[in-house]
Amino acid sequence: MTDQRQRLKVLGAGIFSLLLALGVARFAYTPLLPLMQQQAGLGVADAGWLAAINYGGYLSGALLASLISDLVLKDRLFRLGMLLAVASTALMGLTTEPWLWAVSRFVAGLSSAAAMLFGTGLILNWLIRHNHRSELGIHFAGIGLGIAGCAAAVALMQQWLDWRQQWFALTALGALLAVPALRWLPPPDTSGVTRSGEKLEDNPPSPLFLRLFMAAYFCAGVGYVVSATFIVAIVDRLPGLAGSGTLVFLALGLAAAPACIVWDFVARRTGELNALILAALLQIVGILLPLAGGLLPALAGAMLFGGTFIGMVSLVLTMAGRYYPTRPAKMMGKMTLSYGLAQILGPALTGWLAAGRAGDYAVGLYLAAAVMLAGSALLFLLKAVQRRDTGASLAPCTCPQN
């Protein structure tokens, strides 16, 4: 097998793992949420708590990733996560008990972390070791494809299948996706050098940079989670847009699919922090546009949101991998702890606010936009810290000579 063909298979394993763990196990809940409220008796506040519990599982997985350095163990946990993604999807259709739905969402969150952190870390480590460009745009296309695919599948299936049957159909799809996700990712290389013999060495950022980076990523998590979880329900409640939520979610996914590749190119030309700032500011516009009213603003906002949130995730995790090439999932896990904490608080707070406004989730969009604005300010501050750190590292030594 040629090196280029092997690279495509490894990236393909990542794409299929994200299609399964993020698309089926996680994001299928969003387009199915209105149907479950209509047919399965899922309440407004309970819907928010289920989303929060999902991110609790994701946060637990991120904590685990931040504590583990062994590549072999990460590989095993990644493969277990793919199996749990299928099982958690099946459980959603097997019951109407809220506590079992909560178990399903928590396990789905764990499987999402397995794909996003262990899988991404293993793939980035493989790329670096084989002297390929350490960019994840192609890999993260799986998230956008998963969102769009699930939205399209739900829109098609709801004409013939009820909420329970749709979960079972998605389970079958997930089982198929698990095959290439598991087979195409090779066992990890545990040597300390690349294939050309270069030693892999970590180059961690300063403590202040890391703290600000985590705070900014927390804000990005709040900005992401409200729209990603509630956009279908929000759009369906806007005047004249009943039933259009799934179409808007499909547009979001289609915009997200190529976005990471685009942001890789932007980062090459502007630098990663400048690309993050641009993505954050554009995401604020995307969050608020659906509230302007009408289908076109809703579609435009969804596409702008989809094209930016996933770009920010890709850029942040790529930066984490470059700082720690020998153990990329470790810093990825730390960053995702802050992102995951935001994803617990965001849905729960939005659900609580919506319950007091007759089930109107739109108030969450204002909250998300305000937090994203604060995150953008932190990214500007981060640029100043980066310049200071770079200057300090390049400063000539003034130590006395022996």
Side-chain angles (χ1 to χ4, degrees), residues 18-44 46-48 50-55 85 88-93 101 104-105 108-109 111-112 142-174 177 224-238 241-257 286-287 290 295 298-299 301-303 305-306 309-310 343 346-347 350-351 354 359 361-362 364-365:
L18 293 174
L19 283 169
L20 168 57
L22 275 294
V24 172
R26 160 63 186 100
F27 283 116
Y29 175 72
T30 299
L32 279 171
L33 174 57
L35 198 63
M36 291 185 68
Q37 290 178 320
Q38 295 168 15
Q39 298 180 359
L42 179 61
V44 172
D46 286 341
L50 285 179
I53 289 168
N54 175 261
Y55 291 118
S88 65
T89 305
L91 182 57
M92 286 299 291
W101 282 339
S104 167
R105 295 301 84 206
S111 73
S112 298
I143 298 179
L145 292 172
I147 294 172
C150 282
V154 170
L156 181 65
M157 290 188 298
Q158 67 184 2
Q159 302 179 47
W160 300 285
L161 305 179
D162 64 18
W163 71 274
R164 189 191 303 272
Q165 293 166 332
Q166 289 191 54
W167 279 113
F168 291 149
L170 290 168
T171 301
L173 174 61
L177 294 171
Y224 149 76
V225 70
V226 175
S227 286
T229 302
F230 299 112
I231 189 64
V232 175
I234 289 170
V235 171
D236 279 347
R237 290 180 63 92
L238 292 175
L241 295 184
S244 299
T246 300
L247 175 62
V248 170
F249 195 62
L250 174 61
L252 188 157
L254 291 174
I287 289 170
L295 182 59
L299 289 171
M303 295 182 71
F305 173 79
F309 91 83
I310 190 57
Q343 292 174 61
T350 299
Y361 293 115
L365 296 184

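Nothing fancy with the numbering, it's 1 onward along the sequence.
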Under 3.5 Å, which donor-acceptor pairs do the side chains of residues 28-36 form with other protein atoms, sequence neighbours left out?
from, atom 1, to, atom 2, distance (Å)
Tyr29, OH, Ala47, O, 2.9
Thr30, OG1, Ala228, O, 3.0

Quiz item: Is it true that a side-chain atom of Ser112 and a backbone atom of Leu22 form a donor plus acceptor pair closer than 3.5 Å?
Solution: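 Not confirmed, Ser112 side chain does not pair with Leu22 backbone.
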Quiz item: Within the distance-only criterion (no hydrogens, no angle test), does the side chain of Arg164 pair as donor or acceptor with the backbone N or O of Gly93 below 3.5 angstrom?
Solution: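 Between the backbone of Gly93 and the side chain of Arg164 there is a qualifying donor-acceptor contact (under 3.5 Å).
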Which residues satisfy the side chain to side chain contact (heavy atoms under 4.5 Å, CB included) test with [X], sequence neighbours excluded?
X	answer
Ser104	Ser88, Leu91, Met92
Leu254	Ala148, Leu250
Thr89	Val24, Ala25, Trp167, Leu170, Thr171

Taking the side chain as C-beta and beyond, is there a heavy-atom pair between [X] and [Y] under 4.5 Å?
X	Y	result
Val235	Leu295	no
Leu42	Leu50	yes
Phe27	Ile143	yes

Minimum heavy-atom separation for [X] and [Y], please, with both atom names.
X	Y	result
Leu241	Ala298	CD1-CB, 4.4 Å
Ala85	Leu20	CB-CG, 3.8 Å
Ala251	Leu299	CB-CD2, 3.8 Å
Phe168	Ala90	CE2-O, 3.7 Å

To the nearest 0.5 Å, how far apart are [atom1] in [X] and [atom2] in [Y]?
X	Y	atom1	atom2	answer
Leu19	Leu177	CG	CG	5.5 Å
Asp46	Gln37	CG	CD	9.5 Å
Cys150	Met157	SG	CE	8.0 Å
Arg26	Leu18	CZ	CG	13.5 Å

Quiz prompt | Test ring-ring contact (aromatic ring centres under 6.0 Å, His included) applied to Tyr224 - qualifying residues, sequence neighbours left out | solution =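 Checked Tyr224 against ring-ring contact (aromatic ring centres under 6.0 Å, His included); matches are Phe309, Tyr339.
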Quiz prompt | All pairs passing side-chain hydrogen bond (donor to acceptor under 3.5 Å, both in side chains) where residues 142-163 contributes a residue, at least two apart | solution =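 Residue pairs with at least one partner in residues 142-163: there are none.
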